[in-house]
Amino acid sequence: GVMLMDPHRFDLRGTLEVGRDVVIDVNVVLEGRVLLGDRVHIGPNNVLRDCSVASDTLIHPNCVIEQSVIGADCRIGSFARVRPDSRLGDRAHIGNFVEVKASSIGRGSKANHLAYVGDTTMGAGVNFGAGSITANYDGANKHRTVIEDDASVGSNCVLVAPVTIGRGATIGGGSTIAKAAPAETLTVARARQVSLPGWKRPAKKPKPPKG
């Protein structure tokens, strides 16, 4: 049930259970106990450790997935990292340079670009914008973020945990959200734009002559 694109460039360091028609590309490392469902496709240069991946999921190149559960028909990467205690629902998308840690991502939710989702419960049908993060650590303790079904988080947002984004809420791009955002409502939190005429960038001090 497995096609290895090059058996000489495949590294199994544990146990592997597979369904039918699985494809594993070159330079893949599997560690611990790994379960792959039917028609899973693992691209090159991936590391999977103690995880399960359900049927029809595609893992693009250069990803790391560890101690997590991946649903069916998901799309992951390239260059994504799924850290321990994470769970992706069916048809979830975790895209380029996205990191997920100790979080659940609901069915059909997407975080496609340059994002961090940590200690988060994300519902179904959520769109999590490019450059956005959940700020889960206050310097001493971790806190959770809840993003309910069908919410949309714009690009370059910071959700300061503990915080809840209501069902169907929209967060305007560039917002820092530290209070609950109500359902079915646009919430925007930006400083007023100011331009300062005559301001100059600090100049580098010239280096003293050698000798």
Side-chain angles (χ1 to χ4, degrees), residues 1-14 16 18-19 21-120 122 124-134 136 147 152-159 173:
V2 181
M3 176 184 289
L4 297 177
M5 301 304 289
D6 185 347
H8 298 291
R9 289 187 286 171
F10 169 67
D11 195 345
L12 178 59
R13 303 175 185 176
L16 172 63
V18 295
D21 300 322
V22 172
V23 176
I24 300 178
D25 214 320
V26 299
N27 300 327
V28 170
V29 179
L30 305 180
E31 298 182 348
R33 185 168 182 254
V34 176
L35 289 74
L36 304 177
D38 296 343
R39 298 173 300 281
V40 167
H41 189 130
I42 301 177
N45 307 317
N46 283 298
V47 178
L48 279 67
R49 179 181 302 115
D50 290 316
C51 62
S52 65
V53 181
S55 300
D56 299 302
T57 286
L58 169 61
I59 302 174
H60 291 288
N62 302 297
C63 298
V64 177
I65 300 172
E66 47 190 337
Q67 298 173 21
S68 295
V69 177
I70 310 300
D73 201 19
C74 292
R75 299 292 179 267
I76 299 175
S78 301
F79 294 98
R81 184 180 181 193
V82 182
R83 293 171 57 189
D85 301 320
S86 295
R87 180 179 292 270
L88 273 59
D90 296 347
R91 298 184 180 177
H93 289 195
I94 301 299
N96 304 328
F97 300 100
V98 173
E99 181 177 355
V100 179
K101 173 256 179 187
S103 297
S104 62
I105 309 294
R107 179 184 177 88
S109 291
K110 298 178 181 180
N112 275 327
H113 318 280
L114 301 161
Y116 173 66
V117 180
D119 296 289
T120 296
M122 183 184 295
V126 172
N127 186 73
F128 196 81
S132 293
I133 69 166
T134 58
N136 56 329
I147 305 173
S152 178
V153 178
S155 297
N156 200 33
C157 292
V158 179
L159 308 183

Heavy-atom pair with the smallest gap, counting every atom of Ala124 and Ser109 = C-OG, 3.5 Å
Pairwise side-chain contact, Asp25 with Ile42, heavy-atom cut-off 4.5 Å (strictly under) | no
Would you check if Glu66 and Arg81 make a side-chain contact, meaning some heavy-atom pair closer than 4.5 Å?
-> yes
Could I get the full list of side-chain contact (heavy atoms from CB on, under 4.5 Å) partners for Asp56, not counting sequence neighbours?
-> Arg39, Asp73
By side-chain hydrogen bond (donor to acceptor under 3.5 Å, both in side chains), which residues pair with Arg13, not counting sequence neighbours?
-> Asp11, Glu31
Arg87 atom CZ, neighbour heavy-atom count above 12 within 6.0 Å = no
List the atom of Gly95, the atom of Ala80, and the distance in Å for their closest heavy-atom pair.
-> O-CB, 3.5 Å
Report yes if the side chains of Phe10 and Val2 come closer than 4.5 Å at any heavy-atom pair, otherwise no.
-> no
Which distance, rounded to the nearest 0.5 Å, do you find between the CD1 of Ile105 and the CG of Asp90?
-> 13.5 Å
Just by modelled atom types, is the Arg33 backbone N or O under 3.5 Å from a matching donor or acceptor in the Asp50 side chain?
-> yes
Contact check, side chains of Val117 and Met122, non-hydrogen atoms, under 4.5 Å | yes
side-chain contact (heavy atoms from CB on, under 4.5 Å) partner of Val69, chosen from Ser52, Ser86, Cys51 = Ser52
In Å, rounded to the nearest 0.5 Å, how long is the span from NE2 of His113 to NZ of Lys110?
-> 9.5 Å
Hey, are the side chains of Val23 and Asp21 touching, using non-hydrogen atoms and a 4.5 Å cut-off?
-> no
Inter- and intrachain pairs under ring pair (Phe, Tyr, Trp, His ring centres under 6.0 Å), touching residues 47-67, at least two apart = none
Is there a side-chain contact between Leu88 and Ile94, using heavy atoms and a 4.5 Å cut-off?
-> yes
Thr57 side-chain N/O to Gly71 backbone N/O, donor-acceptor pair under 3.5 Å | yes
Is there a donor-acceptor contact under 3.5 Å from the side chain of Thr134 to the main chain of Gly118?
-> yes
Residues that Asp85 engages under side-chain contact (heavy atoms from CB on, under 4.5 Å), provided they are two or more places apart = Ala102
Leu114: side-chain contact (heavy atoms from CB on, under 4.5 Å) partners, not counting sequence neighbours | Phe97
Is any side-chain heavy atom of Val82 closer than 4.5 Å to a side-chain heavy atom of Ser68?
-> yes
Closest heavy-atom contact between Phe79 and Cys63?
-> N-SG, 3.8 Å
Would you find a donor on one side and an acceptor on the other, under 3.5 Å apart, between the side chain of Asn46 and the backbone of Val28?
-> no
Show your reasoning for whether side-chain contact (heavy atoms from CB on, under 4.5 Å) applies to Val98 and Val100.
-> CA-CA 7 Å; Val98 173; Val100 179; 4.2 Å; yes
Under 3.5 Å, side chain of Ser132 to main-chain N/O of Gly154, donor-acceptor pair present?
-> yes
Is it true that a side-chain atom of Ser155 and a backbone atom of Gly131 form a donor plus acceptor pair closer than 3.5 Å?
-> no
Residues in side-chain contact (heavy atoms from CB on, under 4.5 Å) with Lys101, at least two apart?
-> Arg83, Tyr116, Asp119, Asn136, Lys142
Can you tell me how far OG of Ser78 sits from CG of Asn62, rounded to the nearest 0.5 angstrom?
-> 6.5 Å
Check: Asn112 and Asn96 side chains under 4.5 Å, non-hydrogen atoms | no
Between the CD1 atom in Ile24 and the CE atom in Met3, the distance rounded to the nearest 0.5 Å is 11.5 Å
CD1 (Ile147) and CG (Leu159) are apart, to the nearest 0.5 Å, by 5.5 Å
